[in-house]
Amino acid sequence: MNRRLLTRLLGVWTCILLPIAGHAVPVYIGSKQFTESVILGELARVSARQAGIDAVHKRQLGGTRILWRALLQGDIDAYPEYTGTLTHELLKNVPANADIPSLRARLKPLGIGITDSLGFDNTYAIGMRADEAKRLGIARISDLRRHSGLRLGFSNEFMNRNDGWPGLRRRYDLPQKDVRGMDHALAYRALASGAVDAIDLYSTDAEIPYYHLRALDDDLHYFPRYEAVYLYRLQLEQNAPGFVAALNGLAGRIDEKTMRGMNAEVKLQGVKEDVVAADFLGLRADADDHSGLWSRLLQRTVEHTKLVLASLGLAVLLAIPLGVLAARLRRFGQVVIGLTGILQTVPSLAMFVFMIPLFGIGAWPAIAALFLYSLLPIVRNTHAGLVGIAPELSESAAALGLPPGVRLRRVELPLAARSILAGIKTAAVINVGTATLAALIGAGGYGQPILTGIRLDDIGLILEGAVPAALLALLVQGMFEGIEHRFTPRGLRLVARQ
Amino acid sequence: MNRRLLTRLLGVWTCILLPIAGHAVPVYIGSKQFTESVILGELARVSARQAGIDAVHKRQLGGTRILWRALLQGDIDAYPEYTGTLTHELLKNVPANADIPSLRARLKPLGIGITDSLGFDNTYAIGMRADEAKRLGIARISDLRRHSGLRLGFSNEFMNRNDGWPGLRRRYDLPQKDVRGMDHALAYRALASGAVDAIDLYSTDAEIPYYHLRALDDDLHYFPRYEAVYLYRLQLEQNAPGFVAALNGLAGRIDEKTMRGMNAEVKLQGVKEDVVAADFLGLRADADDHSGLWSRLLQRTVEHTKLVLASLGLAVLLAIPLGVLAARLRRFGQVVIGLTGILQTVPSLAMFVFMIPLFGIGAWPAIAALFLYSLLPIVRNTHAGLVGIAPELSESAAALGLPPGVRLRRVELPLAARSILAGIKTAAVINVGTATLAALIGAGGYGQPILTGIRLDDIGLILEGAVPAALLALLVQGMFEGIEHRFTPRGLRLVARQ
Amino acid sequence: MQDSEPAATSAFAIRQVSKRYGSVVAIDDLSLDFEAGTTTALIGSSGSGKSTVLRLLLGLEWPDRGTVSIGGHPLEPGQVLQLRRRVGYVIQEGGLFPHLTAQGNLALLPHYLGWDAARIGQRAKELAELTHLPLAALERYPAELSGGQRQRVALMRGLMADPDALLLDEPLGALDPIVRHELQDELKRIFAELNKTVILVTHDLPEAAWFAERLVLMRKGAVIQDGCFEDLRDRPADAFVARFVAARRQLPRASR
Amino acid sequence: MQDSEPAATSAFAIRQVSKRYGSVVAIDDLSLDFEAGTTTALIGSSGSGKSTVLRLLLGLEWPDRGTVSIGGHPLEPGQVLQLRRRVGYVIQEGGLFPHLTAQGNLALLPHYLGWDAARIGQRAKELAELTHLPLAALERYPAELSGGQRQRVALMRGLMADPDALLLDEPLGALDPIVRHELQDELKRIFAELNKTVILVTHDLPEAAWFAERLVLMRKGAVIQDGCFEDLRDRPADAFVARFVAARRQLPRASR
Ligand SMILES: Nc1ncnc2c1ncn2[C@@H]1O[C@H](COP(=O)(O)OP(=O)(O)OP(=O)(O)O)[C@@H](O)[C@H]1O
Ligand SMILES: Nc1ncnc2c1ncn2[C@@H]1O[C@H](COP(=O)(O)OP(=O)(O)OP(=O)(O)O)[C@@H](O)[C@H]1O
Ligand SMILES: [Mg+2]
Ligand SMILES: [Mg+2]
């Protein structure tokens, strides 16, 4: 691995990454990683289009913190948010139930604007089967007090959070004893089948109409309000007043039922988000957004390649020095190789999950996870390559009196280049494969159709991801053969006489 | 990699694998990969214990073919089976609805005995919500003919198999038009929520009571009978007559409802199979089977190590020759490395799924998948190591006039040993990690608690798998350092003067 | 090395052979015949193609033009392994395998030929005596030997299986005068007694003249002169040959 | 190589040094002093520890007992890089880097020292002329050079940065007589004119006597005799020295 190679690689992936940070002329709308947010993002985009404004929707950008930071930095211009998130997570020293005007005042100095409530409050709620609730005459949470025999099933998170079940019980003085934690996905089933009588849910969950549930009225206002709003950069009021008007035009128009219906259309009936949004606005979805196979493929290829090259580039930058250290210091080497080995045993899903608190959701945590996975083959092969240099060559390198750094770069790394490159190639190919899992945390790429295809049992979709992934693996290999051919010193490529 | 190393490695994993094929004094009972079979296996084991016979239950051994072969070979002595499986899959030229006496006659020459029906028939059935069925007056499949508006939702398999929906419709002359394929797990939900009116199911599914469903009577006997029975080696009638008596004693005692109940207890309430079995027999579960943390850990370690060593051993055996060929034949080498690269892009779950048709379920498909994943690093490093041999050494090896095979074993592979071992180590460690996914197809190992822990959100359980996996990775690395130290010729370990 | 056809006793021959590496002409339309049972010394300037000739004779390189014949038959790729096994070849750099001890290097070919350990050990001991190599050095790896020790092990490896023919590329260059002198005596005796076909590359003219009746002097891929030492000394083909023969550093004269 | 303390002009010295490799005694309680500005030849039997002495002087090995001094000061690990940069060292096997062309090998150290490409090229050309190496060979990789060409490149690499001191381990062993003879003339002139400190290991007694006033004859890790050639020839310390000096193959006498 010589220096030029490194520089070259660095160059390539910087070029590919840069556009992330770039900012261009249209208005950029972001959305979070779940259906409702994507629908609201689409609504904003379609409204903008209606107002004749060029808008781009960057879907499923990641977690709250990512969107918030992106908005502050101007990487995006607007995104849908909930007031509860603003008061609880994003702003400091704000009363828990601050209303929108006071939030507006607080956001102004940050250069951020906020619309009025879109019309619904997506907070925690307690849900029951509608027929059962009717039979028992339960409409409000307070009514539960009269039915101490009801069996409650709560998601583990809700069970344990202080502002979940424990607080709720205190506030309403609820008497139920049969309360158990369960997986949220199972909870709906359990409720529908009558195994439990009430569960926690979000008030706009698509499952509410699907299972004929009723969300009980939070009459003591225990749950904080999570009114849906759009946040936007105040600057837009100058640059794109039409867009701000379009956003404000949506305020008050979406009630909980409508939102649930749209969620259900997307989540349960598989209608595309843009179609749902256009329907709501009484338009036909714009055809050009239903991009053809080739443009989908192109986008996924860009995403996938980005993941692979960025993680691999970073891994090369760290793993080669680690491999060098490992070859120099025996003890340290054992430790480094041991640790990178342990990283390999972290199951990919768990690894992605560990990365989320650090990097949010989207490409970066995926890159971080892939980066960690790429270390071992490179570290190990760098170590093996350096340790395997013939002693007479080491000796004559030492005898020149070059400082260790120069000796490393000019003599030792080139002599170990073949082994190092083999490690990088292995890492790259494994990376192409593992990156398909990155779709799990919204990093896109070829994994998206594969995961959807596996879920929907659709071989065509699986192949739509698997085939290009295989081709990319081949391409990456080919590219590296090229690099190897170009950068392995010819002196090392001379073939022996047989 | 020298010859002794290979022999040594081979020896190690043969030792570990052999016990699978070994056969000892107690009676061995097998069971398939699903709850009902495991419960029936437990029932057999507990009955045997009641009869004072030492019996071991090898749970979840794999697919039908594995159990059948194991029974024929005497690796197990008995296992629960279904008559339909015997007539359709295991025996040739048997009428589809052969009764048990005629099956008994057919099995006798094979040395296999069969009990009478345990009392239930676990076949395909058509299920509806009980209340709905009652309302519409539907009890038999024929009754469906009168309700052409019913919406049917079938698993994709049932939709497409000729002995599934197409045949059913012909036999019963069913008029329904609204028939859609859906995921089996979703189908129950859809039925419960009223989105469809009838689905296919197995007649002892735990979900039948859970969702208050009714399995319609197959009045035209369209579905083949899948009576539950035990198969056992006839030899036992001499060796362990008490055990055969115990098995026969279970015949006729378990009806569909009872079986459904037991399935539900295990699947929906998380009761252990042995407890359910003991309950049924009116006993208390034997305590020693609720093994402590350490014995669980030991078992999983054996399973995990088996997976890793077997797959790695096989991979070494194939990958080194492939690497050698790749180094010899440039074109072929590109193809081989390309293909092993493509294998890496197959997502692990998909890979496991592809393996099931070939190897059934259990350790072997996992070993096969892990084997395929292990190829790339070894092939590539073998290639790199061989290609990197200094030309003067190649020349002097050639000049000796040794035949290519001898030259390879005595000169070239030892010179490439360091690189090859680095590849094997990388493969081994990645393997330890990937093997945790093998629990998905019932291969056991550390993945079992990890997967359960992830599903149940139980960090303790996750760590119960993740920590030993990390330690195993370290151990494997340490072991290979040892091997490397022992088998890298000392001449190659001489450190250069600095 | 069966006799046959034209040059009845030709063990090795190259006819009108040319060999280029890229633009470098290593061998230029060269013809040479080496009779069975004789010793020939290849001498000449550095880079003149001496080592290349040896490689061509063993099929380690193939000529761009011309033919290489072994025992009167053109060399074919299928025969090279057979050939190499019957020819001891000592390459200029030694080419010892670093992963094997000296003893291991020596045992490679005999082991393949089916010799038992005792016979291999016996032969190695014999050769160690011949080359004055301490027996203890046999247990060491090449990296643990001195330059001269390595060279002797390489020579021993070439002699191990007692081949009919020997191609030796500067086999004694790194040896001290005493060992070299004694080894010259011994080797010459062995070559003569056992009727070996030997081609020896050396830069030491006295050594060449001692071993070989026939000296072949090369320059730039071609033979300049081919004859006995006296021919070269007394009837040099050109000024280069005269300079080549004369270029010897002498010891200081005794002052008495 | 600053002057100081006892031996005022001692450039390199080892005092009562012993060095063992496992059970092998490479150097046995050896003391030697090399004066600045002089050329010393190390001769002796193969495996007697000559190369080991050079390695000790460069800090490539460290003695088990005794001290190594450079310019009068004990050698310390921190100084070795500095030292090595000012000493040209040509190892016995050449040790050329296979991934660099001959030119690349030559340029390594000067490039680090900050020479520009033109100066490096100029110096390489100068040295190629000195060693009679075809300029085209500079563009080739070590594997594409003949043995003698490689040896010359290794020597050139040692000379490139024009170091004060040179430690040469059999630097001319693989060269043809003409080149070797001319190079001996040239090198001797350079050593004298530029006042180099040279330690030369060689097996060629005339070469040793030509270069050096002082010959150090080693055997089994110890010095047997230390003096000028005439001392060795006329007053050999023991029978071994006498045999060593006498062991020379002579050219056949002219028949006239
Ligand atoms: N692989 C190669 N590529 C390019 N040139 C080569 C190659 N191998 C040899 N040569 C060149 O061919 C010529 C002949 O080389 P050869 O090794 O036969 O010389 P030689 O007579 O043995 O020299 P020496 O006495 O120095 O060993 C030299 O000029 C050398 O540089
Ligand atoms: N790493 C090592 N391990 C064991 N023995 C060694 C090692 N290096 C050198 N020796 C031994 O030390 C002794 C001295 O070696 P050295 O290379 O100094 O000899 P030399 O005088 O240079 O010989 P030559 O003339 O053959 O080059 C030899 O017997 C050699 O075998
Ligand atoms: Mg040569
Ligand atoms: Mg030496």
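Predicted model only: the values in this text are computed from it and were never measured. Within every chain, numbering begins at 1; the chains are lettered A, B, ... in the order of the sequence lines, protein sequences first and strands thereafter. These numbers come from the heavy atoms of this one structure, side chains and all, not from hydrogens, waters or symmetry mates.
Only the side chain of Ala209(D) comes within contact range of chain C, with heavy atoms under 4.5 Å apart. Interface remark: Ser51(D) contributes no atoms to any contact with chain C (heavy atom separation under 4.5 Å).
Residues Ala247(D) and Pro177(C) approach most closely at O-CB, 3.6 Å, considering heavy atoms. The two residues Arg249(D) and His181(C) have their closest heavy-atom pair at NH2-O, 3.1 Å. Minimum interatomic distance between His203(C) and Asp176(D) (heavy atoms only, all atoms of both residues): ND1-CA, 3.3 Å.
Per-residue counts of heavy-atom pairs under 4.5 Å with chain D were compared for Ser45(C), Ala137(C), Ala136(C); the largest is that of Ser45(C). When each of Leu133(D), Leu175(D), Leu205(D), Val179(D) is scored by its heavy-atom pairs under 4.5 Å with chain C, the top score falls to Leu175(D). Between chain C and the options Ala174(D), Ala208(D), Gly173(D), the largest number of non-hydrogen pairs under 4.5 Å is found for Ala174(D). The candidate with the highest count of non-hydrogen atom pairs below 4.5 Å against chain D, out of Asp169(C), Asp185(C), Leu145(C), Thr52(C), is Asp185(C).
Among residues 146-154 of chain D, the residues having any heavy atom closer than 4.5 Å to a heavy atom of chain C are, in sequence order, Ser146(D), Gly147(D), Gly148(D), Gln149(D), Arg150(D), Arg152(D).
The list of salt bridge (Lys or Arg N to Asp or Glu O under 4.0 Å) pairs with a residue in residues 200-211 of chain D, not counting sequence neighbours, reads Arg180(D)-Asp204(D), Arg180(D)-Glu207(D). For residues 210-235 of chain C, every residue pair satisfying the ring-ring contact (aromatic ring centres under 6.0 Å, His included) rule, not counting sequence neighbours, is listed here: Phe191(C)-Phe211(C). Screening residues 239-248 of chain D for salt bridge (Lys or Arg N to Asp or Glu O under 4.0 Å) gives Glu182(C)-Arg243(D) as the qualifying pairs, with residues at least two apart or on separate chains.
Counting heavy atoms from C-beta on, the side chains of Glu144(C) and Val24(D) never come closer than 4.5 Å. Between Pro206(C) and Gln250(D), every side-chain heavy-atom pair lies at or beyond the 4.5 Å cut-off.
Enclosure of atom CZ in Arg65(D) is not indicated, since only 12 or fewer non-hydrogen atoms of other residues, nucleotides or ligands lie within 6.0 angstrom. At most 12 non-hydrogen atoms from other residues, nucleotides or ligands lie less than 6.0 angstrom from CD of Glu213(D).
Expressed to the nearest 0.5 Å, how far OG of Ser46(D) lies from CD1 of Ile178(C) amounts to 11.5 Å.
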